[in-house]
Amino acid sequence: MNSTSPEKWPRPDTDPPEPAAGSISARAAAAATPPYLDGLNPEQYEAATTLDGPLLVLAGAGTGKTRVLTTRIAHILTTRRAFPGQILAVTFTNKAAREMKNRIGKLIGGVAEGMPWLGTFHSIGAKILRRHAELVDLKSDFTILDTDDQIRLLKQVLAAENIDDKRWPARQFAWMIDNWKNRGQRPKDISGGDGFSFAGGRGGELYGLYQSRLKALNAVDFGDLLLEMIRLFQDNPDILAEYQNRFRFTLVDEYQDTNVAQYLWLRLLAQTRTDEDGETLPQNICCVGDDDQSIYGWRGAEVENILRFDKDFPGAKIIRLERNYRSTSHILQAASHLISHNEGRLGKELHSVGEDGERVAVRGVWDGEEEARAIGEDIEQFQRKKHNLNEIAILVRASFQMLEFEDRFVTLGLPYRVIGGPRFYERKEIRDALAYLKIISSSANDLAFERIINVPRRGLGDATLKVIHALARSQSISLFDAARILAETEELNTRSRRSLASLMAMFERWQNQKETSSHTELAEIVLDESGYTEMWQKDRAADAPGRLENLKELVRSMQDFENLAGFLEHISLVMDTEANSEETDKVNLMTLHAAKGLEFDTVFLPGWEEGLFPHQRTLDESGRAGLEEERRLAYVGLTRARKMASVSFAQNRRIHALWQSALPSRFLDELPAAHVKILENQNNYGASMGNNNVESRFDRNPADFSGNYNTPGWQRAQQQHAQPRTPMARSGPKQIDGEIVGRDTGSGSSQMLGNRVFHQKFGYGEVMAVDGDKLTVEFDKAGTKRVLASFVEQH
DNA sequence: CGATGCTTCATTTTT
DNA sequence: TGAAGCATCG
């Protein structure tokens with residue numbers, strides 16, 4: 001809580017006037033004094049010191065974006081334009097927020113009480129909502145549900161409404177609701193069209209029911225943290241004005257990733273500012289982002305927001321940061337040329353300040369296994385040259401690609417770490433342990449109670465739970481209270497009753513101990529006495545020891561907090577623990593998405609094949625926009641590399657169970673030949689298998705492969721290389737929005753209606769219906785089946 | 001209530 | 001192919 005009253009803050013007109021940024025006096029002053037401005041290039045300097053009015057900083061990859069943001073905050077603080085509590089700074093991830101805090105601290109020498117309003121959209125939302133909870137029908141101690149709780153609650157709602165959860169899975173509905181909330185839509189805003197796509201038109205209605213259940217539980221989900229904040233501001237202009245006045249400066253990181261709800265919220269808060277005299281002033285908002293790195297469109301991010309900035313904030317100044325300090329020239333030019341194929345962009349030209357370096361390597365291999373082998377060998381080479389493994393990363397499009405690398409690295413004995421992956425808080429054991437603690441903290445948490453009532457097994461299954469539910473509903477009390485009553489009555493059979501009574505007694509004891517023991521001690525006691533630890537000790541599954549380790553880690557991480565409540569609030573919003581230490585030297589393995597914001601000396605980019613990258617599904621679902629987002633992903637991947645980037649593609653890849661031949665990704669063609677070198681394929685499987693006399697570009701000396709990828713030889717090589725064995729489907733190119741986006745990969749699904757096809761499992765049949773990439777096929781022997789288009793061959 | 005076999009599905013994921 | 005969730009049986 002920030003208790004500083006607005007009256008005590010310096011008024012703008014009483015502050016010393018700030019010299020106009022970029023003026024001679026400003027520069028002179030900067031040169032003379034603040035060390036934090038040292039070493040900024042002119043654009044960075046301008047971005048950090050232009051404090052008044054709306055500002056958009058287009059910061060290309062590796063151009064010092066975070067540096068500008070943190071320096072700007074340092075500048076605001078040291079020039080006394082605002083107190084820490086008057087600066088709103090939002091990020092998307094906790095990691096980014098953390099890093100910013102650290103770097104500001106370093107710049108101005110340890111911030112005493114930090115920045116209270118520097119955080120993620122969601123953590124700031126939670127903070128504001130807790131202050132005004134009653135205005136949005138909540139109590140200030142509302143709980144924040146995570147995805148898992150959300151789905152369990154949705155299942156209940158759907159079950160209560162007799163919705164067949166096989167046809168209409170709760171998961172899918174959770175995703176829809178998330179999307180609605182990302183777009184700022186509340187149940188009443190769900191038009192027929194959107195609502196009809198779920199449960200035969202009941203989508204909007206069910207969404208409403210879910211929301212009332214949330215209110216009844218005094219709970220919100222992540223989307224609500226934004227949505228309710230918007231509602232709060234819209235319905236209470238006085239409160240909005242209070243915050244508009246409080247925040248003298250607003251900074252937004254990764255603006256290209258904002259969704260509609262976040263945008264609406266920012267606009268409410270930062271478009272104008274009304275001062276005490278009722279005058280409307282332009283707000284000092286600074287958004288930093290890169291339209292070329294927008295890769296989260298699929299989860300609601302609107303690139304439009306950044307493209308439209310100067311219309312939303314009239315008089316906005318736009319500064320481009322185009323000096324790249326990260327990558328060598330070859331890598332940068334390759335990436336720039338690739339991204340120039342996108343149309344919807346603000347346009348930026350990155351320049352390297354470094355050396356030319358090495359060209360981007362491109363290598364074709366026979367299959368995924370060979371790809372892993374080749375990259376493994378390369379890495380061993382680096383290792384021999386004493387390169388740091390921490391400085392090497394493999395960036396894949398989809399996580400299943402990681403398996404092959406893990407296999408290979410294990411056999412090589414090459415240490416590696418996977419970044420991203422399942423999160424700490426998502427682990428079952430952590431969620432269970434947290435559920436216990438949540439109940440102790442607030443016994444009304446029904447979802448937590450349901451989660452652990454029978455974990456470990458104590459004979460309290462569905463039957464018992466049903467009785468508890470019934471009582472809770474009829475009396476309008478929490479499950480916990482209902483259970484306590486039932487433990488003392490004859491409603492249940494003896495065995496269940498005893499078991500329940502002992503559980504309730506334990507909780508009572510723990511709740512009392514909350515006062516006397518520290519929260520870490522309490523956690524240990526709870527895990528021990530509940531039998532939870534024992535449950536995993538007895539479990540002989542391979543992952544059981546790891547889970548016990550995680551539980552220890554959980555208790556350890558609690559030490560950083562003063563009390564249980566503080567820990568739980570943190571965990572429901574942050575929930576990641578920085579477990580991946582960089583102490584040991586390991587190769588990094590992650591998805592392209594997870595790589596955003598990171599950089600490495602050497603980057604391997606495997607799997608550049610049509611259908612995988614760009615991913616077929618993105619193309620099918622989002623057409624041209626999807627293709628552009630995939631291209632941005634490729635751009636992000638390349639620009640992670642400081643010194644070396646190596647792209648590869650396989651001619652054959654095993655997708656679920658079966659082999660598919662693949663074409664090299666179109667993105668390869670979009671790399672400029674002048675900045676690329678073709679690697680000789682060492683094992684040369686491709687040449688030895690099946691395409692004997694065909695001259696392929698891999699047989700050539702890289703030196704005389706000087707032209708572009710449109711040479712006849714390249715075209716021919718592609719044709720011959722890609723389809724050496726299986727004659728795949730030859731349907732026409734896929735058209736979406738009148739543009740060709742889907743190259744024939746053997747899985748094109750349009751124009752297949754009525755065709756004869758062959759399926760590995762079901763044999764021959766005729767296509768009766770086409771639904772995206774799914775086909776309804778009447779098979780000669782197996783009957784009518786729904787199959788994936790990519791699983792059939794046309795005949 | 002709990003274990004076992006069956007079906008289904010397979011891109012990216014933060015908060 | 002393999003995991004995960006679900007339904008059914010003991």
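Letters A, B, ... are given to chains in the order of the sequence lines, protein chains preceding strands, and every chain is numbered from 1.
- In this structure, a donor-acceptor pair under 3.5 Å is present between the side chains of A:Tyr263 and A:Arg267.
- Across the protein-nucleic acid pair, A:Trp265 atom CH2 and B:dT15 atom C1' stand 14 Å apart, rounded to whole Å.
- Within 4.0 Å of A:Thr464, counting heavy atoms only, lie sugar-phosphate atoms of the nucleic acid but no base atom.
- Nearest nucleotide to the A:Glu621 side chain, out of C:dA7, B:dT13, B:dT11: B:dT11.
- Between A:Phe173 and the choices A:Tyr210, A:Phe198, A:Tyr207, A:Trp168, the ring-ring contact (aromatic ring centres under 6.0 Å, His included) rule is met once, by A:Phe198.
- When distances are taken from the side chain of A:Thr120 to each of B:dT11, B:dT12, B:dT15, the shortest belongs to B:dT15.
- Spacing between atom CZ of A:Arg167 and atom C1' of B:dT7 amounts to 18 Å, rounded to whole angstrom units.
- When distances are taken from the side chain of A:Arg397 to each of B:dT13, B:dC1, B:dT11, the shortest belongs to B:dT11.
- Shown are A:Gln262, A:Lys596, A:Arg299; of these, the side-chain hydrogen bond (donor to acceptor under 3.5 Å, both in side chains) with A:Asp257 is made only by A:Lys596.
- When distances are taken from the side chain of A:Arg457 to each of C:dA7, B:dG2, B:dA10, the shortest belongs to B:dG2.
- Take the nearest nucleotide of DNA chain B for A:Asn454 and for A:Thr591: the residue whose nucleotide is more 5' is A:Asn454.
- Across B:dT13 and C:dG2, the matching P atoms stand 22 Å from one another, rounded to whole Å.
- Between A:His615 and A:Trp298, the ring center distance fails the sub-6.0 Å criterion.
- Residue contacts for A:Ile295: at a heavy-atom cut-off of 4.0 Å it reaches no nucleic acid atom on any strand shown.
- Listed nucleotides B:dC1, B:dT13, B:dT11 differ in distance to A:Ala463; the shortest reach to its side chain belongs to B:dC1.
- The CG-P distance, from A:Leu226 to B:dT15, rounds to 13 Å in whole Å.
- Counting to the nearest Å, the P atom of B:dT13 and the CG atom of A:Asp148 are 18 Å from each other.
- Between C:dG5 and B:dT12, the distance separating the two C1' atoms is 22 Å to the nearest Å.
- Neither OP1 nor OP2 of B:dT13 sits under 4.0 Å from any side-chain N or O of A:Thr93.
- Side chains of A:Asn259 and A:Arg183: a donor-acceptor N/O pair is absent below 3.5 angstrom, by distance only.
- Rounding to whole angstrom units, OH of residue A:Tyr296 and P of B:dT12 are separated by 11 Å.
- Residue A:Lys155 has its side chain nearest to C:dC6 when only B:dT15, B:dC1, C:dC6 are considered.
- Of all nucleotides listed (B:dT15, B:dT12, B:dC1), B:dT12 comes nearest to the side chain of A:His593.
- Residue-to-nucleotide proximity on DNA chain B shows that, of A:Phe92 and A:Ala398, the 5′-proximal contact is made by A:Ala398.
- Atom pair A:Glu404:CD and C:dT1:C1' shows a separation of 12 Å (rounding to whole Å applied).
- Checking B:dT15, B:dT11, B:dC1 against the side-chain heavy atoms of A:Asp462 singles out B:dC1 as nearest.
- Nucleotide C:dC6 holds its C1' atom 17 Å from the CZ atom of A:Arg152, rounded to whole Å.
- Side chains of A:Thr143 and A:Asn445: no donor on one and acceptor on the other come within 3.5 Å.
- Going from atom CD of A:Glu629 over to atom P of B:dT13 covers 13 Å, rounded to whole Å.
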